[in-house]
Amino acid sequence: MPTPSADHRADADRPRSSGRSEGSVDAVAAGAPEAAGAPSATAGPFRPRRRFAGRPAGAPDAAAAGSAAQSAVAPDAPGPTDDDAAAVSHAATPAEPGAATAAESPAAPSAEAPEPLPLLGRPRDPLAPVVEDERRLVEAARALAEGHGPLAIDAERASGYRYGQRAYLVQVRREGAGTWLVDPMACTDLSPIGEAVRDVEWVIHAATQDLQCLAEVGLSPTSLFDTELGARLAGLPRAGLGAVVEHYLGVRLAKEHSAVDWSTRPLPEPWLLYAALDVELLAELREAMAADLAAQGKEEWARQEFAHLVGFTGPAVRTDPWRRTSGLHRVRGRRPLAVVRELWQTRDDLARRRDVAPGRLLPDAVLLQVALAGPATGADLAAATSHRSIRRSQDVWLAAVARAQALPEKDLPAATLPSDAPPPPRTWADRDPVAHARLQDVRAGLTAFSEQRNVPLENLLTPDTLRRVVWSDLGDAGGDLEAAEEVAARALAARGARPWQVDIAAPLLAQAALAHRG
């Protein structure tokens, strides 16, 4: 997640948005049931496809026509970003009822083709100078305190460029206060803003990506609404900000600067425009998504998930993080593993001192080349790789290899780490047929619920939680169904499942426990 959203956020995307102004998005209406009363529990997500009211669909941004900055920020056909590449993979949404297929209308005139969504290439308000001193920081805090509605917030990091995940730009927006871009390198303590909006709900996209780096500069929420996690619960096929904004608000976001080095100073104006767009529409998006979740009967699910996220302090610290080196499975033997460990730790120390991403200093593939070669001399090292970092600091890398080679046997790393996790599910049928049968039953039940309610299976219950409960926590689930369900509910809660998840999974676990007794 770990928190739930951290568990399911290999898809963590960058681009974001929020705010409101003269180009305000229309009220939520399209797609909502009118005469049928409350929607059924199995209703799929509505698709309002509301248009951005600032300009007609497909029309260019008049304020930016002919502007070099606009062309840099909002090209006519922005390429794909990791926003979409990392999005949740789900079945495509079926066509709206009554929509004609290509086969039904082969000769449709070009005038009938769907018009392109309008592109929001620049903020609706003029871009203010970046906050870089205490006077302006206090001014921003005062303005935000006097604003109203939720606080849209985002942070830009320099992943892949700098060591660690610190924030290099913080964007905040609130109705009545406008958008403020703050440089946390110049203003290292943003707690004046945090105090000004202490009891204000945050609207943030992919909260687990940014909450830790925001806390490091004095910003922590007391309540939040995560539009990425909300999109998953609502059953959207993609949860990246660009896709979610298109779905609910009918607007395309210019997002081609998602992977730039945000530690650059001064920040180019096109990047600042992009950053401001990250919080331009988040408030409108929150309202549309909240209405959708309520219509689907998932409002309480989202409330519990968002409340859980408020306590998120970062991913769990890994034991032996060097074991995450890509391709480590190719290394056989404890001594070569010791070489990998020493090279990894040397690279990490150098990267920290130079403030550069470790993989940028020395890619994992090169690190493994050196470890597998086990060089003892400069000639050996040169034969293993010609990477520039190796050439420039060959004595450092040779010394790391030598330290590993000199370790006594007792100090060599274990071939594998001990684990309290259940064995791989593929082995359950042989090792514990009863547990295997239970797992199959519960998986089938959760899958059916997932498809019925249009919510990702992993959001109903994380795979790790499911396996642990089935493997080791149902031993006392004897007796009647009610008693078995109570055992399952306690086990789920102890492993961090939220009440809504317990309500769904505990009955399935209890039924499986009684159907397949040990």
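Note that the structure is predicted; figures quoted are calculated from it, not measured.
For the atom pair Tyr274 OH and His257 NE2, the distance stands at 8.5 Å (nearest 0.5 Å). Taken to the nearest 0.5 Å, the CG atom of Asp355 stands 7.0 Å off from the OG atom of Ser263. In this structure, CG in Leu277 is found 9.0 Å from CZ in Arg122, a value given to the nearest 0.5 Å. With rounding to the nearest 0.5 angstrom, the CZ atom of Arg124 is 6.5 Å from the CG atom of Leu120. Taking CG from Leu309 and CH2 from Trp202, the interatomic distance works out to 12.0 Å, rounded to the nearest 0.5 Å. If you take CG on Leu229 and CH2 on Trp301, they are separated by 12.0 Å, rounding to the nearest 0.5 Å.
When side chains are defined from C-beta on, Leu417 counts as touching Arg323, because their heavy atoms get closer than 4.5 Å. A 4.5 Å side-chain heavy-atom check between Leu137 and Ile193 finds at least one atom pair inside the cut-off. Between Leu224 and Leu211, some side-chain heavy-atom pair lies under the 4.5 Å cut-off. With contacts defined as side-chain heavy-atom distances shorter than 4.5 Å, the pair Leu117/Glu246 qualifies. Inter-residue side-chain proximity for Arg136 and Cys187 is flagged as unmet; no heavy-atom pair is nearer than 4.5 Å. Side-chain contact check for Asp464 versus Leu466: every heavy-atom pair is 4.5 Å or farther apart. Side-chain contact between Pro358 and Trp344: absent, with no pair of heavy atoms (C-beta onward) separated by less than 4.5 Å. The side-chain heavy atoms of Leu273 and Pro123, taken from C-beta on, include a pair separated by under 4.5 Å.
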For this session: Output, in order, the C-alpha distance, side-chain angles, deciding distance and verdict of side-chain hydrogen bond (donor to acceptor under 3.5 Å, both in side chains) for Asp349 and Gln345.
Result: CA-CA 6 Å; Asp349 290 342; Gln345 292 173 343; over 6 Å; no
For this session: Evaluate the salt bridge (Lys or Arg N to Asp or Glu O under 4.0 Å) criterion for residues Arg173 and Asp154: first the C-alpha distance (whole Å), next the side-chain angles of each, then the deciding distance (0.1 Å), finally the verdict.
Result: CA-CA 9 Å; Arg173 179 179 176 86; Asp154 183 37; over 6 Å; no
For this session: Step by step, work out the side-chain contact (heavy atoms from CB on, under 4.5 Å) result for Met289 and Tyr248.
Result: CA-CA 7 Å; Met289 184 178 291; Tyr248 284 109; 3.8 Å; yes
For this session: Applying side-chain contact (heavy atoms from CB on, under 4.5 Å), run through Ile504 and Leu446 and close with a yes or a no.
Result: CA-CA 8 Å; Ile504 294 166; Leu446 289 174; 4.2 Å; yes
Problem set entry | Working for salt bridge (Lys or Arg N to Asp or Glu O under 4.0 Å), residues Asp292 and Lys298 | CA-CA 9 Å; Asp292 191 5; Lys298 299 173 180 176; over 6 Å; no
Problem set entry | Worked check of side-chain hydrogen bond (donor to acceptor under 3.5 Å, both in side chains) between Ser159 and Gln165 | CA-CA 6 Å; Ser159 302; Gln165 295 297 317; 2.9 Å; yes
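Looking at Asp364 and Arg324, no side-chain N of the basic residue comes within less than 4.0 Å of a carboxylate O on the acidic one, giving no salt bridge. Salt bridge annotation for Arg352-Asp348: present, with a cationic side-chain nitrogen under 4.0 angstrom from a carboxylate oxygen.
In this structure, the side chain to side chain donor-acceptor pair (under 3.5 Å) partners of Trp500, at least two apart in sequence or on a different chain, are Glu305. Shown here are the ring-ring contact (aromatic ring centres under 6.0 Å, His included) partners of Phe449, two or more places apart in sequence or in another chain: there are none. Residues satisfying the side chain to side chain contact (heavy atoms under 4.5 Å, CB included) criterion with Tyr161, sequence neighbours excluded, are Ala158, Asp261, Arg360. With sequence neighbours excluded, the residues that form a side chain to side chain contact (heavy atoms under 4.5 Å, CB included) with Glu195 are Arg198. The salt bridge (charged side-chain N to carboxylate O under 4.0 Å, His left out) search around Arg174 returns none, not counting sequence neighbours. Taking Arg265 as the reference, Tyr168, Asp183, Met185, Leu267 meet the side chain to side chain contact (heavy atoms under 4.5 Å, CB included) condition, with sequence neighbours excluded. Arg303 pairs by the salt bridge (charged side-chain N to carboxylate O under 4.0 Å, His left out) definition with Glu300, not counting sequence neighbours. With sequence neighbours excluded, no residue forms a side chain to side chain donor-acceptor pair (under 3.5 Å) with Asp133. Considering only residues two or more places apart in sequence or on other chains, Glu486 meets the side chain to side chain contact (heavy atoms under 4.5 Å, CB included) condition with Arg490.
Checked by atom type and distance alone, the side chain of Gln171 pairs as donor or acceptor with a backbone atom of Ala275 at under 3.5 Å. For Thr325 (side chain) and Leu328 (main-chain N/O), no donor-acceptor pair under 3.5 Å exists by modelled atom type. Between the side chain of His247 and the backbone N or O of Pro237 there is no donor-acceptor pair closer than 3.5 Å. For the pair Gln501 (side chain) and Arg498 (backbone), a donor-acceptor distance under 3.5 Å is present.
Counting all heavy atoms, side chain and backbone alike, Leu461 lies closest to Ala505 at CD2-CB, 4.0 Å. Annotation for Glu269 and Leu127: closest pair CG-CD2, 4.4 Å, computed over non-hydrogen atoms. Contact detail for Asp189 and Pro192: the closest heavy-atom pair is O-CD, 3.6 Å. Of all the heavy atoms in Val203 and Pro150, the pair that sits closest is CG2-CB, 3.6 Å. Minimum heavy-atom separation, Arg495 to Ser472: NH2-OG, 3.8 Å. In terms of heavy-atom proximity, Leu439 sits nearest to Pro425 at CD2-CB, 4.1 Å.
Within the structure, the ring pair (Phe, Tyr, Trp, His ring centres under 6.0 Å) test picks out no pair touching residues 170-198 (sequence neighbours left out). Legend: salt bridge (charged side-chain N to carboxylate O under 4.0 Å, His left out) pairs involving residues 308-319, not counting sequence neighbours: none detected. Identified under the ring pair (Phe, Tyr, Trp, His ring centres under 6.0 Å) test for residues 215-240, with sequence neighbours left out: Phe225-Phe306.
Side-chain N/O atoms of Thr447 and Ser450 include no donor and acceptor closer than 3.5 Å.
Other residues, nucleotides and ligands contribute at most 12 non-hydrogen atoms within 6.0 Å of the CD atom of Glu299.
Remark: of the listed residues Leu190, Val130, Leu169, Leu190 is the sole one forming a side chain to side chain contact (heavy atoms under 4.5 Å, CB included) with Val182.
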